[in-house]
Protein chains: 4
Amino acid sequence: MTETMQALAKTENGPGLTLIDAPLPTPGPRDVLVRVKASSICGTDVHIYHWDAWSQSRIKPPVILGHEFAGEIVEVGREVKGWTVGDLVSAEGHIVDWTCAACRNNQPHLCANVSVIGIDRAGAFAEYVVLPAENLWRNPADLPPEIASLQDPFGNAVHTVNAFKIAGKSVLVTGVGPIGLMTIPVARVAGATQIIVSDVSEPKLELARRMGADVTLNPSTDDLVSAVRDLTGDGADVLLEMSGAGPAINSGLAALRPGGEAALLGVPGRPIEVDWANNIVFKGVTIQAIYGRKIWETWHQMRALLATGAVDLSPLITHDLPLAEFEQGFALMRSRDEIVGKVILRP
Amino acid sequence: MTETMQALAKTENGPGLTLIDAPLPTPGPRDVLVRVKASSICGTDVHIYHWDAWSQSRIKPPVILGHEFAGEIVEVGREVKGWTVGDLVSAEGHIVDWTCAACRNNQPHLCANVSVIGIDRAGAFAEYVVLPAENLWRNPADLPPEIASLQDPFGNAVHTVNAFKIAGKSVLVTGVGPIGLMTIPVARVAGATQIIVSDVSEPKLELARRMGADVTLNPSTDDLVSAVRDLTGDGADVLLEMSGAGPAINSGLAALRPGGEAALLGVPGRPIEVDWANNIVFKGVTIQAIYGRKIWETWHQMRALLATGAVDLSPLITHDLPLAEFEQGFALMRSRDEIVGKVILRP
Amino acid sequence: MTETMQALAKTENGPGLTLIDAPLPTPGPRDVLVRVKASSICGTDVHIYHWDAWSQSRIKPPVILGHEFAGEIVEVGREVKGWTVGDLVSAEGHIVDWTCAACRNNQPHLCANVSVIGIDRAGAFAEYVVLPAENLWRNPADLPPEIASLQDPFGNAVHTVNAFKIAGKSVLVTGVGPIGLMTIPVARVAGATQIIVSDVSEPKLELARRMGADVTLNPSTDDLVSAVRDLTGDGADVLLEMSGAGPAINSGLAALRPGGEAALLGVPGRPIEVDWANNIVFKGVTIQAIYGRKIWETWHQMRALLATGAVDLSPLITHDLPLAEFEQGFALMRSRDEIVGKVILRP
Amino acid sequence: MTETMQALAKTENGPGLTLIDAPLPTPGPRDVLVRVKASSICGTDVHIYHWDAWSQSRIKPPVILGHEFAGEIVEVGREVKGWTVGDLVSAEGHIVDWTCAACRNNQPHLCANVSVIGIDRAGAFAEYVVLPAENLWRNPADLPPEIASLQDPFGNAVHTVNAFKIAGKSVLVTGVGPIGLMTIPVARVAGATQIIVSDVSEPKLELARRMGADVTLNPSTDDLVSAVRDLTGDGADVLLEMSGAGPAINSGLAALRPGGEAALLGVPGRPIEVDWANNIVFKGVTIQAIYGRKIWETWHQMRALLATGAVDLSPLITHDLPLAEFEQGFALMRSRDEIVGKVILRP
């Protein structure tokens with residue numbers, strides 16, 4: 001083990017990221033030190049790279065980014081029980097206080113005082129990362145690290161699909177970035193009768209078809225609401241809103257049948273105009289907003305879906321790069337022409 | 001029984017209503033004819049009076065208005081079973097098709113092809129009204145007709161409060177028109193720990209206090225979000241959004257704790273701007289949009305609340321007028337200075 | 001405050017109870033000392049008096065009995081916050097460990113390591129009782145102590161009724177000891193369409209009618225299953241099993257419609273024979289076994305039902321005695337001829 | 001198509017079955033005629049073979065048995081829409097009335113007036129079977145008929161596992177006949193953390209291990225309750241009772257943690273003695289009795305589990321025989337020494 005390590009950090013207020021030599025972190029008594037084997041780039045990392053309004057309000061440089069990862073424990077704090085050097089792990093990246101109203105109400109994933117790795121504290125775009133032992137998740141030996149690193153976003157997808165009972169229902173997925181793509185096989189194994197996907201990007205729709213979408217629609221050329229009505233009768237039973245785009249949110253809700261259900265994960269960059277009366281109230285819709293993953297219910301669901309072969313995430317990994325080539329990775333994430341799913345970075 | 005009857009109708013495209021002599025309606029084989037003893041003015045009737053955008057798109061004059069009422073059966077169609085002349089009744093005003101996706105899914109109150117009395121067909125601002133027998137609700141003999149006429153809006157309130165489990169929860173009610181006011185005693189009997197009410201109208205807040213609100217806030221002068229945080233800690237557990245006002249919707253959601261629940265009944269007149277990311281998605285909120293009343297679950301809940309004395313609606317009836325004085329009634333409904341709850345019209 | 005106090009205790013292994021002079025208890029740092037104003041006799045106390053098999057396995061004499069009570073705080077431990085001398089209180093009698101699987105799963109009322117006042121530690125049939133502050137419930141000033149003392153069993157009743165959605169449903173209550181009787185007005189305010197009560201005791205059926213039962217049946221003379229079918233069609237929607245008697249359990253389940261729901265509170269004294277295939281499995285019944293009260297959800301529901309006047313427990317208090325006349329009280333509890341609801345004991 | 005067909009029937013009151021030449025059945029206007037490609041023997045068929053008490057009360061000879069099957073449509077009634085000759089199908093074997101209380105309450109699988117194929121009307125141990133079109137389920141072309149024929153019992157298993165949320169829970173399966181065996185992979189993909197199986201038959205426990213059980217226990221030699229406690233701490237979170245054996249029911253419930261959940265499918269042949277107080281009431285257990293399959297929710301779940309490869313039922317098919325060799329098939333079903341899963345019969 002060396003005294004310093006390579007890490008990818010936001011070092012100053014402003015766009016861009018820097019590959020730095022950081023001191024090797026030291027685990028506290030309830031922490032472990034993990035050697036990172038694979039990490040992946042999240043859309044949030046791209047926002048931070050480009051220093052958007054949300055990043056400016058939340059990120060306090062210098063901070064090492066990266067919250068999607070898998071690795072191996074190399075050091076264990078003195079009060080930690082149940083974990084040893086060599087254990088293969090990923091982690092729930094939300095470190096919670098267990099005392100706020102949400103935590104006391106069995107909703108720790110909505111903790112009012114959450115600290116997120118790679119956002120509020122040092123992350124996993126690095127050779128090593130320190131984590132509280134209570135946030136560790138054990139990975140099976142036969143799960144490749146690059147797949148294991150996807151469990152953070154895969155958990156978002158599983159959490160979203162499982163917000164409602166899907167069996168026997170028609171499902172509309174608006175927006176197929178990586179998490180939207182992951183909802184497709186999860187909705188399939190949950191028993192969806194029909195999975196309709198919409199996105200303005202043709203390469204993303206191609207990936208959606210590979211992941212098993214029954215129908216793909218492009219709102220640039222298709223009338224989403226009437227197309228979904230034609231396919232379903234009174235409208236889709238369930239909406240999975242993964243885009244965060246105002247038009248997709250409104251037309252996705254408009255394409256629901258009266259009494260339908262909507263799980264909302266997509267995050268608009270600014271306030272949006274919503275036809276609240278017609279798209280929500282008169283429709284009697286049930287909505288579940290999704291943030292993070294349930295601790296640990298969603299993780300157990302993921303393990304089962306991956307271990308049984310019910311879901312295969314490997315077609316989503318379109319690029320695999322050394323950490324030092326991060327600029328190419330972040331450029332790929334913004335590409336409109338190429339087929340880009342998840343980009344792996346290897347420290 | 002006379003050959004014609006007095007009725008209050010929208011007779012032409014444009015503002016205002018007209019008291020007319022209408023032919024006495026004839027019940028079909030599965031209908032009954034009801035003599036109206038009391039009716040009450042709904043906010044929807046006020047919108048139709050003033051011929052707003054929604055009214056222009058939905059109302060096809062001539063049509064007799066009025067959907068909140070109580071009366072007595074005076075004639076029974078030949079195929080009707082279980083009802084006889086003299087029975088005291090109100091009615092579920094939504095006539096549904098039982099064949100659309102919502103109806104087949106146990107959500108007939110969200111029927112895609114609903115016909116509403118006093119909107120899509122002749123209503124109860126009249127001496128007599130014809131109703132399908134399957135829409136009748138039996139009123140107890142000791143329930144005064146003016147209280148019985150309030151069951152339509154009271155059902156909205158009961159439906160809204162019962163969208164979530166209220167026992168042990170703090171509740172924020174944004175907007176206290178008559179339905180908002182009715183939610184207060186219903187939330188009380190359901191076990192709310194704290195009922196916080198907000199409205200921009202001081203007379204309405206006075207009525208809210210009479211109905212049992214613990215705290216009243218006026219967003220004209222109070223900072224709703226910080227006031228609710230001060231009262232509750234991390235924010236209210238449950239929001240009952242009864243106003244349909246954009247600022248109330250946003251600040252009501254902002255005043256919820258992470259993982260809180262929101263029942264939405266208020267209907268904005270046009271699309272509104274919503275901070276979707278911060279007020280909905282990041283908060284992991286659960287939302288139930290409310291339209292109408294559950295058939296017949298909500299009606300049974302109403303009967304129980306009224307019959308046991310758990311809820312007393314009489315303080316809400318602030319005015320009681322003959323039908324012919326409808327102009328005064330509609331003027332009262334728009335008054336900003338007077339304390340106006342429900343206005344009864346007696347045909 | 002005196003150095004000793006009067007208390008009613010099981011002093012030896014064997015039948016009977018003894019009025020003793022006990023040392024005044026001293027509250028620990030997180031406890032309070034409460035002066036008892038009213039207590040009431042539970043069926044469990046009667047079992048302990050008569051030293052049945054269960055009592056012999058659970059009770060370790062000497063122990064002061066009594067877990068249904070109301071009183072006033074007279075001393076506060078030094079680490080207690082939020083409570084002061086003079087506060088009016090009852091208490092959740094189940095002291096839980098917050099660490100077992102049930103506690104961690106939001107079911108502390110099912111704690112694997114519960115300690116119950118008046119059973120496992122000194123109870124409230126005494127002038128004073130010590131309680132952990134975390135178990136206190138604040139009573140309103142206008143709630144008479146004898147009614148407040150009934151909240152422990154009333155909580156059982158409220159917990160039982162609220163196990164299922166009752167609105168619009170037919171309800172069969174088998175067994176109307178005091179808790180069974182209390183379910184009647186609770187089911188009424190929850191919107192039951194029909195409340196059918198069965199018991200082998202005519203005085204208890206008379207009390208059931210006073211509490212609002214629609215129909216009373218006596219299985220000694222009525223065929224319960226066919227009578228309920230005649231009243232309901234395919235059978236009752238919901239069973240509240242409050243008797244613990246084998247025949248009532250079997251015929252109550254047999255009287256349910258296919259797909260019905262059953263909440264089970266009654267406790268048989270020994271294993272019973274059950275027609276598992278026909279009364280449970282083939283029927284597709286949903287069952288919720290009820291123990292204790294939800295902490296604190298049920299208590300908030302009780303407060304609301306009592307404070308709004310929706311439920312009036314006063315007709316249930318048929319006897320009110322000084323503690324010293326406990327022998328008469330326990331004799332009344334076993335009477336088959338008299339109308340006996342709850343018996344209050346005043347220390 | 002010939003004028004008669006080979007079929008396996010109960011022809012007289014008494015033990016045994018007879019291979020007969022039956023007239024080819026004629027579909028009514030809303031029926032289809034299906035050529036059976038594969039059928040499988042259910043435990044119920046074995047009971048009917050041996051003419052147990054239940055069979056004597058329910059079966060009216062002569063009747064062709066068999067309700068687990070897959071085949072191909074060869075004739076379509078004149079009012080049938082959406083099905084054509086050549087379609088590959090299985091069927092929901094419960095023909096329901098849509099008018100009883102259960103049917104009107106979204107529980108048609110619990111219809112009070114159900115007619116079951118192969119029990120109450122001619123079944124599928126035959127070259128051809130007539131079915132109402134509304135009971136048909138479309139099989140994918142790539143699903144082998146012998147696997148498709150297992151959907152009836154597989155539906156029981158999927159219905160049982162999905163009675164509760166399994167993700168992150170420890171599961172105890174008592175009894176691993178074929179349906180119990182099928183619950184194992186279904187519980188796995190639902191996210192069970194630990195699947196413990198008990199049975200008195202060593203060959204069945206061997207099959208359970210092949211299907212993925214984590215631990216197998218034999219109550220003949222293991223103390224089930226203490227073994228489960230050792231494995232889980234306070235007891236299993238969820239019980240799947242698949243045996244119908246009194247000792248398994250009692251010890252299975254005793255092995256649950258306080259507040260645990262139990263899904264009950266196993267049917268005892270006669271009333272059983274149950275420790276109702278300790279195993280049910282004091283434990284606060286939640287119970288769902290399971291009968292049949294949800295129409296069509298469970299069928300969509302099955303399709304998803306089979307089509308995605310999440311569940312592989314092929315290891316369960318241990319024998320595949322011509323219909324004429326039915327005696328061997330029924331003998332195998334009763335074997336205690338051989339490893340017998342499902343026995344296929346090919347007409």
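Each chain gets a letter, A, B and so on, in the order the sequences are listed, and its residues count up from 1. These numbers come from the heavy atoms of this one structure, side chains and all, not from hydrogens, waters or symmetry mates.
Along residues 239-255 of chain A, the residues that come nearer than 4.5 angstrom to chain B, judged on non-hydrogen atoms, are A/Ile249, A/Leu253 in order of number. Using a 4.5 Å cut-off between non-hydrogen atoms, the part of residues 265-278 of chain B that approaches chain A consists of B/Leu265, B/Gly266, B/Val267, B/Pro268, B/Pro271, B/Ile272, B/Glu273, B/Val274, B/Asp275, B/Trp276, B/Ala277.
Under 4.0 Å is where a charged nitrogen must lie from a carboxylate oxygen, and between A/Lys60 and A/Asp120 no such pair does.
Within the 4.5 Å cutoff, the side chain of B/Val116 has heavy atoms near those of the B/Arg58 side chain. Using a 4.5 Å heavy-atom threshold, the side chains of A/Asp152 and A/Arg293 count as touching.
No option in B/Glu92, B/His159, B/Gln151 other than B/Glu92 meets the side chain to side chain donor-acceptor pair (under 3.5 Å) test with B/Trp299. The side chain to side chain donor-acceptor pair (under 3.5 Å) test with B/Arg257 singles out one residue from B/Thr232, B/Asp237, B/Asp234, and that residue is B/Asp237.
Proximity to chain B involves both the backbone and the side chain of A/Ile280, based on heavy atoms less than 4.5 angstrom apart. Of the atoms belonging to A/Gln107, it is side-chain heavy atoms, and not backbone ones, that fall under 4.5 Å from chain B.
Ring centers of B/Trp137 and B/His300: under 6.0 Å apart, within the cut-off.
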Next on the checklist: Working note: B/Thr99 + B/Asp97, criterion side-chain hydrogen bond (donor to acceptor under 3.5 Å, both in side chains); need CA distance, chi angles, decisive distance, verdict.
Outcome noted: CA-CA 5 Å; B/Thr99 60; B/Asp97 73 358; 3.2 Å; yes
Checklist entry - Checking side chain to side chain contact (heavy atoms under 4.5 Å, CB included) for the pair A/Asn156/A/Ile290: CA distance, chi angles, key distance, verdict? => result CA-CA 8 Å; A/Asn156 297 140; A/Ile290 304 294; 5.7 Å; no
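Of the possible polar contacts, none joining the A/Ser55 side chain to the A/Trp51 backbone as a donor-acceptor pair under 3.5 Å is found.
Counting heavy-atom neighbours within 6.0 Å of A/Lys169 NZ, excluding the residue itself, gives a total above 12.
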